[in-house]
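Fair warning: this is a prediction, and the values are worked out from it, not measured in the lab.
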Number of protein chains: 2
Amino acid sequence: MATGRTHRPATRSRGIPEATVARLPLYLRALTALSERSVPTVSSEELAAAAGVNSAKLRKDFSYLGSYGTRGVGYDVEYLVYQISRELGLTQDWPVVIVGIGNLGAALANYGGFASRGFRVAALIDADPQMAGKPVAGIPVQHTDDLERIIQDNGVSIGVIATPAGAAQQVCDRLVGAGVTSILNFAPTVLTVPDGVDVRKVDLSIELQILAFHEQRKAGEDGGAAAAPTPQAAAAAADQGPDGDVPAVMPA
Amino acid sequence: MATGRTHRPATRSRGIPEATVARLPLYLRALTALSERSVPTVSSEELAAAAGVNSAKLRKDFSYLGSYGTRGVGYDVEYLVYQISRELGLTQDWPVVIVGIGNLGAALANYGGFASRGFRVAALIDADPQMAGKPVAGIPVQHTDDLERIIQDNGVSIGVIATPAGAAQQVCDRLVGAGVTSILNFAPTVLTVPDGVDVRKVDLSIELQILAFHEQRKAGEDGGAAAAPTPQAAAAAADQGPDGDVPAVMPA
DNA sequence: TACTGTGAAAATGTTCACAGCC
DNA sequence: GGCTGTGAACATTTTCACAGTA
């Protein structure tokens with residue numbers, strides 16, 4: 001039953017700290033924007049502002065990649081775009097499958113940010129036979145029955161799970177069985193995977209809960225901070241709306 | 001123009017560390033599942049497994065909230081559900097607006113995980129006049145023109161931005177101007193906000209990029225770790241698909 | 001006995017501040 | 001002069017290991 005670990009790759013990632021890796025895509029985006037405006041060089045101060053971090057952190061981050069800057073001048077935008085892309089593995093093509101083509105899956109399929117960074121949506125997979133053949137974002141949806149074949153035919157190593165929570169673990173097992181070694185999970189469940197498989201999780205309601213925590217702090221306690229006005233007392237009838245996608249409730 | 005900081009609340013959150021706050025929703029979900037199965041008590045070991053963390057971390061996390069367990073026995077599930085909910089501020093009703101009802105916005109509106117945790121979608125807002133009046137997830141979409149009124153009428157303090165990147169900052173400014181103090185941003189842009197406003201960011205393509213980084217590591221280097229088989233050589237024709245939402249694409 | 005709660009150690013991440021170089 | 005690169009100080013987070021207790 002594999003003592004499934006989540007997150008944290010086994011591969012200590014050579015020298016680059018996780019926290020730095022997590023920021024590289026941020027820098028890359030900021031750099032890409034500069035590149036589009038044909039800006040030739042940028043200082044750590046400017047780039048940091050564009051990426052929303054402070055400049056000391058940025059410089060330290062870059063120092064793990066090597067010495068790609070020029071003292072007194074800054075960083076060459078194009079060169080840095082290339083170096084970071086290479087470091088992140090974006091100079092190669094990553095075929096990706098999306099499983100679960102509900103609202104969220106469709107949104108993901110349409111999301112331009114994937115195609116624009118070396119990721120290619122190789123297939124869309126759904127358990128509903130009604131969906132089979134229907135094009136979403138120009139790609140025909142295929143049935144779950146063919147999951148293994150699709151993975152293998154396309155050499156897919158990254159899978160995205162956008163199914164309801166109840167189906168996620170089963171889909172995950174099949175993806176892993178077929179050779180997928182990285183999973184991006186949108187279903188609100190903890191996935192159990194064998195060692196060597198990375199799982200990253202995006203949970204919409206968790207982010208909101210964290211915001212609520214801080215929001216509560218602003219209003220409550222004493223008059224510490226400022227800003228927040230009344231938290232409105234409408235703390236009443238919270239109709240438990242119908243579950244659209246993701247049920248949030250484990251099947252038991 | 002406010003030297004907009006992102007993330008990290010100003011309010012040092014009494015004693016509870018950020019890292020702990022970020023895990024509370026995880027514990028809450030696991031506990032809710034146990035509660036539904038009428039499990040009366042749970043040990044740190046069991047709960048930690050269900051939440052995907054290790055037990056020492058969980059105990060330390062709970063120790064910041066107080067001593068809610070019983071030595072030799074474990075934690076009372078119902079009691080803990082209540083305590084964590086209260087700590088997160090989920091015992092009150094949080095009206096939320098979603099701005100940008102494209103694919104992603106619709107997915108969010110339909111997402112059951114919101115309603116099930118004290119969050120109530122108070123309104124859907126879109127800039128497209130064609131959308132106005134159309135119901136999405138049973139809620140009629142309203143036009144951006146009415147944004148300020150909607151925020152104030154509903155006492156909204158949390159806003160979700162699911163617009164294209166280009167519109168995000170403008171929407172953000174209007175939300176903040178109307179009194180919103182917490183923002184969940186799905187647009188791939190760094191938002192600038194005044195002090196006292198919290199921003200959390202969910203970026204789909206960033207998560208994939210982090211996976212790609214580790215995926216690359218598994219394949220490359222030498223035969224350090226195990227698991228990962230062939231990374232398939234399909235590194236060829238990556239047709240730069242059309243941008244659905246979000247921009248990007250390196251020019252060079 | 002079987003568990004929690006927590007100090008203390010270790011690891012990781014951030015910031016400071018300045019030497020070094022263009 | 002202006003900026004990078006980085007040791008060293010500081011801060012946060014994780015883990016260990018065990019005392020305390022129902």
Side-chain angles (χ1 to χ4, degrees), chain A residues 3 5-24 26-27 31 34 39-77 79-80 83-84 87 210, chain B residues 3 5-24 26-27 31 34 39-77 79-80 83-84 87 210:
Chain A
T3 324
R5 283 248 294 72
T6 321
H7 242 135
R8 284 289 154 143
T11 11
R12 221 272 108 190
S13 309
R14 192 176 47 193
I16 306 178
E18 268 301 303
T20 295
V21 172
R23 282 188 294 265
L24 292 182
L26 237 57
Y27 302 142
L31 284 163
L34 291 170
V39 176
T41 60
V42 67
S43 71
S44 62
E45 201 71 56
E46 293 163 335
L47 183 54
V53 303
N54 76 44
S55 63
K57 198 185 287 186
L58 178 144
R59 287 200 304 278
K60 179 65 90 173
D61 282 342
F62 285 179
S63 80
Y64 294 118
L65 308 183
S67 289
Y68 295 149
T70 308
R71 291 165 204 241
V73 179
Y75 300 92
D76 182 278
V77 172
Y79 185 56
L80 204 47
Q83 290 299 343
I84 295 179
E87 198 65 56
I210 296 172
Chain B
T3 325
R5 283 246 292 71
T6 320
H7 243 133
R8 284 290 154 142
T11 10
R12 221 271 112 188
S13 311
R14 191 176 49 190
I16 305 178
E18 268 302 303
T20 295
V21 171
R23 281 186 297 265
L24 292 181
L26 237 56
Y27 302 142
L31 284 164
L34 292 171
V39 176
T41 60
V42 67
S43 71
S44 63
E45 201 71 55
E46 292 163 335
L47 184 54
V53 304
N54 75 45
S55 63
K57 198 185 287 186
L58 177 143
R59 287 200 303 278
K60 179 65 89 173
D61 282 343
F62 285 179
S63 79
Y64 294 117
L65 308 184
S67 290
Y68 295 149
T70 308
R71 291 167 203 241
V73 180
Y75 300 92
D76 181 276
V77 171
Y79 185 57
L80 205 46
Q83 290 299 342
I84 295 180
E87 198 64 58
I210 296 171

A.B. asks: B:Glu18 CD to C:dG13 P: how many Å, rounded?
C.D. replies: 16 Å

A.B. asks: Can you give one letter per nucleotide of nucleotides 16-22 of chain D, 5' to 3': B if a protein heavy atom sits under 4.0 Å from the base, S if only from the sugar-phosphate, - if neither?
C.D. replies: -B-BBBB

A.B. asks: Tell me the interatomic distance from A:Tyr68, atom OH, to D:dT6, atom C1', rounded to whole angstroms.
C.D. replies: 17 Å

A.B. asks: ring-ring contact (aromatic ring centres under 6.0 Å, His included) with B:Phe62: which residues, sequence neighbours excluded?
C.D. replies: B:Tyr27, B:Tyr75

A.B. asks: With sequence neighbours excluded, tell me which residues meet side chain to side chain contact (heavy atoms under 4.5 Å, CB included) with B:Tyr68.
C.D. replies: B:Leu65, B:Tyr79, B:Leu80, B:Gln83, B:Arg86

A.B. asks: Would you say B:Glu46 and B:Leu34 make side-chain contact, with heavy atoms under 4.5 Å?
C.D. replies: no

A.B. asks: Between C:dC3, C:dT14, D:dG5, which nucleotide has the shortest distance from any of its atoms to the side chain of A:Ser63?
C.D. replies: D:dG5

A.B. asks: Between C:dG13, D:dG5, C:dT4, which nucleotide has the shortest distance from any of its atoms to the side chain of A:Ser67?
C.D. replies: D:dG5

A.B. asks: Whole angstroms only, please: what is the CG-C1' distance between A:Leu58 and D:dC3?
C.D. replies: 13 Å

A.B. asks: Looking at B:Leu31 and B:Val77, what are the two nearest heavy atoms and their distance?
C.D. replies: O-CG1, 3.6 Å

A.B. asks: Rounded to whole angstrom units, what separation is found between the CD1 atom of A:Ile16 and the P atom of C:dG13?
C.D. replies: 12 Å

A.B. asks: How long is the gap from CD1 on B:Ile210 to CD on A:Glu18, to the nearest 0.5 Å?
C.D. replies: 7.5 Å

A.B. asks: D:dT14 P sits how many Å from B:Phe62 CZ, rounded?
C.D. replies: 14 Å

A.B. asks: Nearest heavy-atom pair of B:Ser44 and B:Leu58: which atoms, and what distance?
C.D. replies: CB-CD2, 3.7 Å

A.B. asks: Starting at atom OH of A:Tyr79, determine the distance to atom P of D:dT4, rounded to an integer number of angstrom.
C.D. replies: 16 Å

A.B. asks: Round to a whole Å and report the spacing from CD of A:Gln83 to C1' of D:dT4.
C.D. replies: 16 Å

A.B. asks: If only side-chain N and O atoms of B:Ser43 are considered, is one of them under 4.0 Å from the OP1 or OP2 phosphate oxygen of C:dC3?
C.D. replies: no

A.B. asks: Using a 4.0 Å heavy-atom cut-off across all strands, classify B:Tyr75 as base, sugar-phosphate, or nothing.
C.D. replies: sugar-phosphate

A.B. asks: What are the two closest non-hydrogen atoms of A:Val42 and A:Leu47, and how far apart are they?
C.D. replies: CG2-N, 3.7 Å

A.B. asks: Which nucleotide, C:dG13, C:dT14, D:dG5, lies nearest any side-chain atom of A:Lys57?
C.D. replies: C:dT14

A.B. asks: Roughly, in whole Å, what's the span from CD in A:Glu45 to C1' in D:dG5?
C.D. replies: 15 Å

A.B. asks: Using the closest heavy atom to pick a nucleotide of DNA chain D for each, name whichever of A:Ser44 or B:Asp61 lands nearer the 5' end.
C.D. replies: A:Ser44

